[in-house]
Amino acid sequence: MKRGEAEMSSGKVSSLARRGWCFLVGLLALMTGGMCADAAEFKPVDAAAVDGRSYDVVVCGGTPAGVAAAVRAARDGCTVLLVQHNAHLGGMMANGLMQWDALYGGHRAPLFSELLRNIEKHYADKFGADSRDYQIARYSQEHYPIGWVEPGLAEREFQKLVAGEANITTLLNHYPAAVERAGRLIKSVKLQAMHGDQAITVGGDVFIDAMYEGDLMAAAKCEHRVGREAREEYGEPHAGKVFTNIAKGPAPRDAVEGRLNIRPYGQQQGSIDPAGPFTADRCVQAYNMRMCVTCDPANRIMLAEPPPGYDRDEYVNYERKSIATNPGPNQKSHMNSPILPGENHDYPEADWPTREKITERHLNFALGLVWFLQNDESISAAKRKDYRRWGLPKDEFTDNNHVPYEMYVRETRRLVGRHVYTEHDNSRAKSFTRTPIHMDSIAVTDWYMDSHSCTTDSRPGYHYDGKLILTEESRPGQIPYRALLPKDLDNLLVPVCLSATHIAWGAVRLEPVWMQTGEAAGLAAALAKQTKTTPGTLDGELLARNLATRKFLISFFNDVNAADEPSHTAAVQYFGTRGFFASYDARPTKPLTRDTAKLWARGFKDLQAGKLDANALATEIAKLEEPSGDASADDAVSGAEFAEWTGWASIDAKKPTYTRGEALEMLFKPQR
């Protein structure tokens, strides 16, 4: 989802920053040192310090996923090199996105929750726990967006996570340009300086590509694709070139009516042209500069003149006329208006100089839109006054003329891995009421499958090409570990540009999801080291149990938070990936019925024998269980019955009855 800009390299301001735009000189003199001034403990190294060295794990990409992967691997005993193509960690969260795009406000993964606590503490300490700033920044399903954070604060907190780990070495302003392979292993990677001809080589046991662009997997010649699949390739109803309209109204109905514990979204899919063509192409959804803006007069910089190349005619009939909506924390917001469908299609496979040119075009277009809305007489005086409430913040991006270092790159390369995550994986299964089950689930989607326009094409009666808001069609899905693994490499993990189709990508491409997949990748790398194997040959049972025990959200439930204290929580998460639940309601405190217990016992034995079909088991359970799933006292299974049916010595045969959670907790325990 993002990318584009280099900034400070060897003390020199980037090419975009040097070009500048004549902001008010007097206001520039008042700018602060930025929000990252207190992050002095973050100390990246020079390239010479790592040239020729080898690490347990090499992570390319200082995105939220990359930081999570590096920190998790380091905390679990690995030496880690974290490489970022520019001088700033945090990806889009440090570059103007500002909100955690999510519909579920619960716990997802340990590092994500730790980061949120640190951010929330900052706002509580600065503004007070009763302040609007703290309440709107707080990660909570009570409001939308579910959580906010200022870009500079986000960067500081990501830096602090990295700086806290002695096992992490950080190299900035470099990107992966080539790799040395030996069979199914990457042996080393060539890291190229973003500006200049300097390059170094580092070795590693495990490599993680956490870049938005997937440059490492591309350099390793992994199979990948850019653009849209045809409808017929995977049988996805919304795949290919599709002409659409968007409708208003909250969706999905299950969430609106309380059957699904996610926040409804305010739009949904409108009509779709049945004539197609639904064909494949190289088109990816539109990008933009997600600029941070402020309405605080004391912190606001107004544009003194339009940017280079300004063309008024581009904006007269432009339909996304907006700078910001309501203010977020500290009177700041983000600008999501200026998209340029089609002008980004060369970006995914381009070299960095070409990407910088594409980024500059998007930046100038965004600044031009701000200038037009605030100054053009075709805009009413009242609206111009309202637009002029907003300006660039003096305390953000202080070394880059107060504009983001990176563009919001929503979609680039996508791995074609050991499992391709499709629209079907993120939609309700045909035979039960949750999405298809993956026994190697490492993370959960909660956002709907969506896409911004892919081109500016349209058809009579259909306004958009490729714009999708599939809120009604989407359901929380399980992302399989196999989607992070290339087909022909065993020591590369790809938690960002993972294996998914263009349609399913819409539910994957969110920073909260990527922090889950990133941390899971870091854990897998550490477990591979501990067991003297590779991520591609790692014991799946070992990974699954570790994820569940460490409170990773690998199975979404309406009534179980992965961070909950009850001792059955890990077991419910684990068996949610084994087909023991046919819906999103776990009902862990309800009595376990005899008929369900028999199916669970059979499924458990199949699991022990290595022949469990999780989706088939869920289908049988769906046919058996009443919607409520409640049992009468006469129907509750006894401990003796459950012990006999499972043959598992950890079951207490003397216990009169078992709740569903207690039963799974016993099955989750090792054999006594």
Asker: Checking T549 against N546: is there a side-chain donor and acceptor pair closer than 3.5 Å?
Answerer: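 Note: N546 and T549 side chains miss the donor-acceptor criterion.
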
Asker: When you compare the side chain of T412 with that of C497, does any pair of heavy atoms fall below 4.5 Å?
Answerer: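 In contact.
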
Asker: Are the side chains of H568 and L664 in touch, meaning some heavy atoms are under 4.5 Å apart?
Answerer: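 They are not in contact (no side-chain heavy atoms under 4.5 Å apart), so the answer is no.
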
Asker: Between OG1 of T354 and CD1 of I358, what distance do you get to the nearest 0.5 Å?
Answerer: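 Rounded to the nearest 0.5 Å, the OG1-CD1 separation comes to 6.5 Å.
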
Asker: Say whether, by atom type as modelled, one donor and one acceptor occur between the side chain of S474 and the main chain of Y448 under 3.5 angstrom.
Answerer: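 Looks like no, no N/O pair under 3.5 Å.
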
Asker: Quick one: does C292's side chain get under 4.5 Å of F397's, heavy atoms only?
Answerer: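 Yes - at least one pair of side-chain heavy atoms lies under 4.5 Å apart.
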
Asker: Taking D446 for its side chain and Y104 for its backbone only, find out whether a donor-acceptor pair lies under 3.5 Å.
Answerer: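 Flag set: sc D446 to bb Y104 pair under 3.5 Å.
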
Asker: When rounded to the nearest 0.5 angstrom, what distance separates CZ in F207 from CG in L492?
Answerer: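 The CZ atom of F207 sits 9.0 Å away from the CG atom of L492.
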
Asker: A74 and I168: which non-hydrogen atoms are nearest, and at how many Å?
Answerer: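 Closest pair (atom of A74, atom of I168, distance): CB-CG1, 3.6 Å.
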
Asker: Are the side chains of R414 and L498 in touch, meaning some heavy atoms are under 4.5 Å apart?
Answerer: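 No, every pair of side-chain atoms sits at 4.5 Å or beyond.
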
Asker: Centres of the F552 and F112 rings: under 6.0 Å?
Answerer: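 No - the distance between ring centres of F552 and F112 does not fall below the 6.0 Å cut-off.
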
Asker: With ring centroids as reference points, do Y287 and Y408 lie under 6.0 angstrom apart?
Answerer: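 Between Y408 and Y287, which both carry aromatic rings, the centre distance is not below 6.0 Å.
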
Asker: I'd like to check R482 versus K487 (side-chain heavy atoms, cut-off strictly below 4.5 Å). Are they in contact?
Answerer: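 Sidechains of K487 and R482: no contact.
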
Asker: Would you say E541 and Y574 are linked by a side-chain donor-acceptor pair, where the criterion is simply a distance under 3.5 Å?
Answerer: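 Per modelled atom types, Y574 and E541 side chains form a pair under 3.5 Å.
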
Asker: Is it the case that the side chain of W100 and the backbone of G147 share a donor-acceptor pair, with hydrogens and angles ignored and the cut-off at 3.5 Å?
Answerer: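 The answer is no, because no donor-acceptor pair under 3.5 Å joins these two groups.
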
Asker: Quick one: do V444 and R108 satisfy side-chain contact (heavy atoms from CB on, under 4.5 Å)? Show the steps, please.
Answerer: CA-CA 8 Å; V444 167; R108 294 170 180 269; 5.8 Å; no

Asker: Scan side-chain atoms only and decide if D425 and H438 contain a donor-acceptor pair under the 3.5 Å cut-off.
Answerer: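 H438 and D425 do have a side-chain donor-acceptor pair below 3.5 Å.
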
Asker: Taking all non-hydrogen atoms of both residues into account, name the closest pair between Q99 and H334 and its distance.
Answerer: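 Taking every non-hydrogen atom into account, OE1-NE2, 3.0 Å.
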
Asker: State, without any angle test, whether E229 and H502 hold a side-chain donor-acceptor pair at a distance under 3.5 Å.
Answerer: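 There is no such pair between these side chains.
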
Asker: Please round to the nearest 0.5 Å and tell me the distance separating atom CG of L97 and atom CE of M291.
Answerer: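 It is 14.5 Å, given to the nearest 0.5 Å.
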
Asker: Taking the side chain from Y175 and the backbone from C60, do they hold a donor-acceptor pair closer than 3.5 Å?
Answerer: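 Between the backbone of C60 and the side chain of Y175 there is no qualifying donor-acceptor contact (under 3.5 Å).
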
Asker: Would you say Q516 and I479 make side-chain contact, with heavy atoms under 4.5 Å?
Answerer: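 Side-chain contact under 4.5 Å: no.
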
Asker: If you apply the rule side-chain contact (heavy atoms from CB on, under 4.5 Å), what do you find for N173 with H195, and how did you get there?
Answerer: CA-CA 8 Å; N173 298 307; H195 297 102; over 6 Å; no

Asker: Check K221 with E180, please: is the shortest side-chain N to carboxylate O separation under 4.0 Å?
Answerer: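 Between K221 and E180 there is no salt bridge, as every charged N stays at least 4.0 Å from the carboxylate O atoms.
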
Asker: Is the shortest side-chain N to carboxylate O distance from K160 to E157 below 4.0 Å?
Answerer: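 Salt bridge present between K160 and E157.
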
Asker: Step by step, would you call N426 with T445 a side chain to side chain donor-acceptor pair (under 3.5 Å)?
Answerer: CA-CA 8 Å; N426 211 78; T445 66; 2.6 Å; yes

Asker: Counting C-beta onward and ignoring hydrogens, is there a side-chain heavy-atom pair between R355 and M407 closer than 4.5 Å?
Answerer: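 They are not in side-chain contact.
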
Asker: Nearest 0.5 Å, please: how far is CG in L415 from CZ in R225?
Answerer: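 One finds 11.0 Å between CZ of R225 and CG of L415.
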
Asker: When you measure from the side chain of R434 to the backbone of F556, do you find a donor-acceptor pair of N or O atoms at a distance under 3.5 Å?
Answerer: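 At least one qualifying donor-acceptor pair exists.
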
Asker: Could you state the interatomic distance from CG (D197) to CD (Q192), rounded to the nearest 0.5 Å?
Answerer: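 Rounded to the nearest 0.5 Å, the CG-CD separation comes out at 7.0 Å.
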
Asker: For residues F581 and F575, establish whether the separation of their ring centroids is below 6.0 Å.
Answerer: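 So the answer is no for these two rings.
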
Asker: Does the side chain of Q573 pick up a donor-acceptor pair with the side chain of S555 at under 3.5 Å?
Answerer: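 Distance-only check fails for Q573 and S555.
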
Asker: I'd like to check L82 versus T169 (side-chain heavy atoms, cut-off strictly below 4.5 Å). Are they in contact?
Answerer: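 Sidechains of T169 and L82: no contact.
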
Asker: Looking at R418, R181, R184, which one forms a salt bridge (Lys or Arg N to Asp or Glu O under 4.0 Å) with D488?
Answerer: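 It is R181; the other options fail the test.
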
Asker: Has R545 got its NZ or CZ under 6.0 Å from the middle of the six-membered ring of F668, at an angle within 45 degrees of the ring axis?
Answerer: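 Yes.
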
Asker: Run the salt-bridge test on R282 and D346 with the 4.0 Å N-O cut-off and return the result as yes or no.
Answerer: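 The answer is yes: the pair qualifies as a salt bridge.
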
Asker: Going by an N to O cut-off under 4.0 Å, is there a salt bridge joining D205 and K187?
Answerer: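 Salt bridge flag = no for K187 with D205.
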
Asker: Side chains of N86 and Q84: donor-acceptor distance under 3.5 Å anywhere?
Answerer: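 Looking only at side-chain atoms, Q84 and N86 do form a donor-acceptor pair, the distance falling under 3.5 Å.
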
Asker: Taking T534's backbone N and O only, do any of them form a donor-acceptor pair with N491's side chain (distance below 3.5 Å, no angle check)?
Answerer: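 Flag not set: sc N491 to bb T534 has no pair under 3.5 Å.
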
Asker: Spell out, as yes or no, whether a donor-acceptor pair under 3.5 Å connects the side chain of E511 to the backbone of P64.
Answerer: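 Such a contact is absent between E511 side chain and P64 backbone.
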
Asker: Check for a donor-acceptor pair, side chain of D209 on one end and backbone N or O of L216 on the other, with a separation under 3.5 Å.
Answerer: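 Looks like yes, one N/O pair under 3.5 Å.
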
Asker: Are K532 and D56 ion-paired here, with the side-chain N under 4.0 Å from a carboxylate O?
Answerer: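 Judged by the 4.0 Å cut-off on N to carboxylate O distance, K532 and D56 do not form a salt bridge.
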
Asker: Under 3.5 Å, side chain of E396 to main-chain N/O of G152, donor-acceptor pair present?
Answerer: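 Yes, because the side chain of E396 sits within donor-acceptor range (under 3.5 Å) of the backbone of G152.
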
Asker: Just verifying a value: how many Å separate I503 CD1 and H424 NE2, rounded to the nearest 0.5 Å?
Answerer: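 If we round to the nearest 0.5 Å, I503:CD1 and H424:NE2 are 10.5 Å apart.
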
Asker: May I ask you to say whether E519 pairs ionically with K551, meaning some side-chain N is under 4.0 Å from a carboxylate O?
Answerer: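 Answer for the salt bridge query: no.
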
Asker: Kindly say whether the aromatic ring centers of Y421 and W505 come within a distance under 6.0 Å.
Answerer: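 Ring-ring flag for Y421/W505: false, centres at least 6.0 Å apart.
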
Asker: Under a 3.5 Å distance rule, please check whether H174 uses its side chain to pair with a backbone N or O of L172 as donor and acceptor.
Answerer: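 It does hold such a pair.
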
Asker: Could you go through M211 and T63, starting from their C-alpha distance and side-chain angles, then the distance that decides it, and tell me whether this counts as side-chain contact (heavy atoms from CB on, under 4.5 Å)?
Answerer: CA-CA 7 Å; M211 298 180 69; T63 60; 5.8 Å; no

Asker: Whether R509 and D101 form a salt bridge (side-chain N of Lys/Arg under 4.0 Å from carboxylate O of Asp/Glu) is what I want to check.
Answerer: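 No, no charged N to carboxylate O under 4.0 Å.
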
Asker: If you look at every heavy atom in A154 and V149, which pair is closest and at what distance?
Answerer: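 Taking every non-hydrogen atom into account, N-CG2, 3.9 Å.
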
Asker: Is there a side-chain contact (heavy atoms from CB on, under 4.5 Å) between R550 and D76 once you walk through the steps?
Answerer: CA-CA 12 Å; R550 292 170 183 245; D76 278 54; 2.7 Å; yes

Asker: Nearest heavy-atom pair of N344 and P348: which atoms, and what distance?
Answerer: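 So the minimum-distance heavy-atom pair works out to O-CD, 3.4 Å.
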
Asker: Inspect the surroundings of CG in D539 and state if more than 12 heavy atoms from other residues, nucleotides or ligands are less than 6.0 Å away.
Answerer: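 Atom CG in D539 is packed in, count exceeds 12.
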
